[in-house]
Amino acid sequence: MEGRARVRPGAGFYSFCPGRIATLLRTHTCGELRSEDVGREVTLCGWVDTNRDFGGSQFIDLRDRYGKTQVVFTPQSGAETQALARSLRSEDVVSMTGTVARRLEGKDNAKLATGQIEVRGTGLKVLNKSLTPPFQSSAVGTQELAGEDIRLTHRYLDLRRPEMQQTMLLRGQIVKTMRDYFDELDFIDVETPVLGRSTPEGARDYLVPSRVHRGAFYALPQSPQLYKQILMIAGYDRYVQVARCFRDEDLRADRQPEFTQLDLEMSFVEADDVMGVIDGLVSRIAREVLGLKVNLPLPRMTYDEAMRRFGHDAPDLRFGMELVDVTDLAKECGFRVFQETAAAGKFVRGLKAPGGGTRYSRKDIDLLTDWIRQDFGASGLAFFRIEPDGSAFSPIAKNFQPAVLAELVAHFDPQPGDLLLLVADTWEVSCKALYGLRKRLGAELKLYDPKTMHFSWIVEFPMFAHDAEENCWAAMHHPFTAPRPQDQELLATDPGKCRAIAYDLVINGSEAGGGTIRIHDSKLQQQVFDLLGIDEPTARERFGFLLDALKYGAPPHGGIALGIDRWVMLFAGLDNIRDCIAFPKTQKAADMMTDAPGQVDAKQLKELGIQIIR
RNA sequence: GGGGCCGUAGCUCAAUUGGUUAGAGUACCGGACUGUCGAUCCGGUGGUUGCGGGUUCGAGCCCCGUCGGCCUCGCCA
């Protein structure tokens, strides 16, 4: 532990002491000196954070990744040195020599870990002047953060900010803990190719043209899925890898085109084994990173239950606000829209927003309605505001049979001031719309403390989702997922009811990982391919190697992949994945610092046999 | 591919809703100051209002197009 940087719960970034990191250029770091060091002759290197100039003396905060130390230059430092000190500006890189001194009585700075001391400067060397930076790397809380485009263009300055350094440190910590943990459990770290064949996981591939094989392309891996299964067949019964994955799909706040997974696979296991291993990891990281005790095993919920109670397969379980199904009551409620919906076999479901009746105006509700129409294709949004006398106000209330309305409202068990929101639509639309509303209102009404963490498993996913456009079945996870043994017969009779041995790790309503037990029998694998409309020649062509391998002694196996970027985001309490990645890409998958992707020479294209069509 | 928000000084934002000289804070430059720590005080430089069209007597503001950033649906574990 000693000499190791480590984020501790409740401890500021600067409060750990990394031990001496002396070099020929420096004797200490800027976060290291304490009152015990008074009298020492030291040399610090770092960036100028602020320069407070009093004419007679200069107070300079010197910053490196370990912290800040105040260095003072006075006439005793010598006229030349003092003049040089006066000329220092933000982000200049300097070396400062001096004597550690206790600060003057009452002049301690409680905000700094080094705040009891200061360095009385005797020497100063400017190692490198900085241009005036476009935004401040220092000045925590001083100024509004610069726009993200500017931060991304000057990423080196953004990464210099203590907040960013803290996140990067946390990320390194999480990855290291993962590596230690799996190493202790005898996992073997094996690297798999980046230049590979397209894996059939549904997303668009990033392609790399082959010069040698003109007209042929490698695909960057969407995940190392097939390789790790091959490793199981090869007898490496516990594989782990920190793997970069690539998916050429449109981006979101929590999605990048290239991202990092902690990928693992185990042989001779059932789902409980894999989940148990991850339970241990969650508990360890929560403890080491946040000082949080997590009760094990983590709670589990089936996919069906999650959809019914929360409308989503990754519900945020930090708060309640569960969905309420009133379809039965709607059948004879008097309100035509509801009745027709119910009669058509669709659903009338809703949720209760505590205090929403007072919080949201009629106009706010109209905006919510527009929103769920636009984003989720909902036909509308019905609302009831619970009045102080307990009655339910709504423009549509007059259409209801009073008794039925009372019963309907009672289903939500509301208090005065609450707001009931109902969606009458298909199962899918009601899920999406109410999930969206729940997520948004939960945050807006502050129904949970954003600092709390909730970990859970969602299990028993459907094997297949019906693709209405193509009128065929599509793999919900990927085509190598094993069905539950008790559901295997359903493959032939009713694939839609067949449940997979699949499990997703959910943290605070985010999917933080997902895995399955795989098919290890080539016949069963072929049966699943058939269902997915992948005929034998196609299957042979695309993953004949796997089908072959399955015939040479494939052990039962399964695994999981964890989204490391998302883990960092969630453990750091951030809401943006770009802040968890040193060099992220914009929403259009561009790197603003390097300007990737860029044009290439005509010569390069010619070598590859590629012509650009405009 | 669809919907939305945004783009004004290096940076963060304002501009009485179409009105004549586009402001503030900060940064930067100069000056003052021996205990600050978001130092303070005085003075100063700094603008093709993303770009291109259009409407108008007049456009930062309205319209069309375009580029870029963000959020989101579709898509994607």
Side-chain angles (χ1 to χ4, degrees), chain A residues 49-61 68-76 82 87 89-91 103-112 114-115 118 120 131-154 157 201-205 222-223 225 245-257 259 261 313-314 367 370-378 432-433 436 440 458 461 465 469 475-478 481 502-506 510-516 560-563 566 575-576 578 585-588 590 592:
Chain A
D49 193 77
T50 51
N51 185 355
R52 295 177 292 279
D53 183 1
F54 276 76
S57 54
Q58 285 71 47
F59 299 89
I60 291 160
D61 286 344
K68 286 194 238 180
T69 300
Q70 173 169 284
V71 184
V72 194
F73 291 91
T74 62
Q76 291 161 347
Q82 201 182 9
S87 74
R89 293 294 177 271
S90 291
E91 306 311 321
R103 290 197 179 196
L104 299 184
E105 186 76 29
K107 299 293 184 183
D108 288 1
N109 184 349
K111 289 183 199 165
L112 292 184
T114 61
E118 65 193 10
R120 302 269 160 83
L131 292 177
T132 299
F135 59 90
Q136 277 13 81
S137 291
S138 63
V140 183
T142 300
Q143 221 181 342
E144 288 297 311
L145 197 53
E148 207 175 343
D149 43 352
I150 291 153
R151 291 171 54 208
L152 289 171
T153 306
H154 303 273
L157 294 176
E201 222 149 324
R204 212 172 283 126
D205 284 316
Q222 296 180 26
S223 80
Q225 182 61 35
C245 305
F246 305 85
R247 288 177 192 163
D248 186 8
E249 295 293 344
D250 287 350
L251 274 28
R252 289 286 189 281
D254 62 351
R255 266 167 28 192
Q256 279 277 298
F259 58 99
Q261 286 190 341
D313 62 0
L367 288 172
D370 292 343
W371 173 56
I372 65 162
R373 279 196 172 121
Q374 161 66 30
D375 273 16
F376 306 111
K432 284 181 182 176
R440 176 166 170 172
I458 304 297
F461 282 72
E469 256 175 57
M476 188 105 170
H477 194 90
H478 57 57
T481 301
Y503 31 84
D504 273 10
L505 177 69
V506 177
S510 268
E511 183 204 331
T516 64
I560 192 169
L562 310 174
R566 282 191 191 166
D575 52 14
N576 172 339
R578 279 166 256 115
K585 298 197 169 38
T586 65
Q587 196 168 44
K588 288 197 169 166
M592 295 196 76

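Side-chain nitrogen and oxygen atoms of A:Thr586 include at least one within less than 4.0 Å of the OP1 or OP2 phosphate oxygen of B:G69. A close approach under 4.0 Å does not occur between any side-chain nitrogen or oxygen of A:Lys68 and OP1 or OP2 of B:C37. The phosphate of B:U26 has neither OP1 nor OP2 within less than 4.0 Å of any side-chain N or O from A:Gln136. Dashed line: the shortest gap from a side-chain N or O of A:Lys111 to OP1 or OP2 of B:C37 is not under 4.0 Å. In this model, the phosphate group of B:G74 is approached by a side-chain N or O of A:Lys432 to a distance below 4.0 Å at OP1 or OP2.
Ion pairing between A:Glu91 and A:Arg89 fails under the 4.0 Å rule for side-chain N and carboxylate O.
At a threshold of 4.0 angstrom between heavy atoms, the contacts of A:Gly147 are confined to the sugar-phosphate backbone, with no base atom among them. Among the protein residues, A:Arg566 comes within range of no part of the nucleic acid, since none of its heavy atoms lies under 4.0 Å from any strand.
A:Asp53 pairs by the salt bridge (charged side-chain N to carboxylate O under 4.0 Å, His left out) definition with A:Arg86, not counting sequence neighbours. In this structure A:Phe59 satisfies the ring pair (Phe, Tyr, Trp, His ring centres under 6.0 Å) test together with A:Phe54, sequence neighbours excluded. Applying the side-chain contact (heavy atoms from CB on, under 4.5 Å) rule to A:Ser510 yields the partners A:Leu570; only residues at least two apart in sequence or on another chain are considered. Legend: residues meeting salt bridge (charged side-chain N to carboxylate O under 4.0 Å, His left out) with A:Arg52, ordered by chain and number and at least two apart, are A:Asp61.
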What verdict does the side-chain hydrogen bond (donor to acceptor under 3.5 Å, both in side chains) test give for A:Asp205 and A:Gln222, after you've listed the backbone C-alpha separation in whole Å, the side-chain angles of each residue and the deciding distance to 0.1 Å?
CA-CA 7 Å; A:Asp205 284 316; A:Gln222 296 180 26; 2.6 Å; yes

Just do the side chain to side chain contact (heavy atoms under 4.5 Å, CB included) check on A:Gln70 and A:Thr114 with the steps written out, would you?
CA-CA 8 Å; A:Gln70 173 169 284; A:Thr114 61; over 6 Å; no

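Distance check on atom P: B:C63 versus B:G19 gives 15 Å, rounded to whole Å. Using atom P as the reference point in both B:A9 and B:G52, the two lie 16 Å apart (nearest Å). B:U49 and B:A22 have their C1' atoms separated by 8 Å, with the value rounded to a whole Å. Here, B:A32 and B:U21 have their P atoms 38 Å apart, quoted to the whole Å. Rounded to a whole angstrom, the distance from the C1' atom of B:C64 to that of B:G47 is 26 Å. To the nearest whole angstrom, the two P atoms, one in B:G68 and one in B:C51, are 15 Å apart. B:G69 and B:G50: their C1' atoms are spaced 11 Å apart (whole Å). Atom C1' of B:G23 sits at a distance of 7 Å from the matching atom of B:A15, rounded to the whole Å.
Each of A:Asp149 and A:Gly106 lies near RNA chain B, and the nucleotide nearest A:Gly106 is the one positioned closer to the 5' end. Comparing A:Phe135 and A:Ser57 along RNA chain B, the residue whose closest nucleotide (by nearest heavy atom) sits nearer the 5' end is A:Phe135.
Nearest nucleotide to the A:Gln587 side chain, out of B:G38, B:U72, B:G68: B:U72. Looking at the side chain of A:Glu249, the nearest of the listed nucleotides B:G69, B:C70, B:C76 is B:C76. Closest contact between the side chain of A:Lys107 and the listed nucleotides B:C37, B:U34, B:G69 involves B:C37. Closest contact between the side chain of A:Gln222 and the listed nucleotides B:C11, B:A77, B:G69 involves B:A77. For A:Leu104, taking side-chain heavy atoms from C-beta onward, the closest of the listed nucleotides B:G35, B:C71, B:C70 is B:G35. When the nucleotides B:G69, B:C70, B:U72 are ranked by their closest atom to the side chain of A:Met592, B:G69 comes out on top.
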Give me, pair by pair, the N or O atoms of the protein and of nucleotides 1-4 of chain B that are less than 3.5 Å apart, along with how far apart they are.
| from | atom 1 | to | atom 2 | distance (Å) |
| --- | --- | --- | --- | --- |
| B:G1 | O6 | A:Asp250 | OD2 | 3.3 |
| B:G2 | N2 | A:Gln374 | NE2 | 3.1 |
| B:G3 | O4' | A:Gln374 | NE2 | 3.0 |

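In terms of polar N and O atoms assigned as donor or acceptor, the side chain of A:Arg151 never comes within less than 3.5 Å of the base of B:C11 in a complementary pairing. Judged by distance alone with a 3.5 Å cut-off, a donor-acceptor contact links the side chain of A:Gln70 to the base of B:U36. One donor-acceptor pair, N or O on each side, does fall under 3.5 Å between the base of B:G35 and the side chain of A:Glu118. A donor-acceptor contact under 3.5 Å links the side chain of A:Arg255 to the base of B:C76. In this model, a side-chain donor or acceptor of A:Arg103 finds a partner on the base of B:C37 within 3.5 Å.
Residue A:Ile150 contributes atom CD1, which lies 13 Å from atom C1' of B:C13 at whole-angstrom precision. Residue A:Lys588 contributes atom NZ, which lies 7 Å from atom P of B:C67 at whole-angstrom precision.
Contact annotation: the side chain of A:Gln261 never approaches that of A:Arg566 to less than 4.5 Å [non-hydrogen atoms, C-beta and beyond]. A heavy-atom distance below 4.5 Å is found between the side chains of A:Arg247 and A:Phe259. With a 4.5 Å cut-off on side-chain heavy atoms, A:Thr74 and A:Arg120 do not count as touching.
Summarising the geometry of A:Arg440 relative to A:Trp371, their closest heavy-atom pair is NH1-CD2, 3.3 Å, with the distance given to 0.1 Å.
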Under a 4.0 Å heavy-atom criterion, the protein footprint on nucleotides 39-46 of chain B, written with B, S and -, is B-------

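Within 90° of 0 lies the glycosidic angle of B:U17, which makes this nucleotide syn.
Side-chain atoms of A:Glu249 come within 3.5 Å of backbone N or O of A:Arg204 as a donor-acceptor pair.
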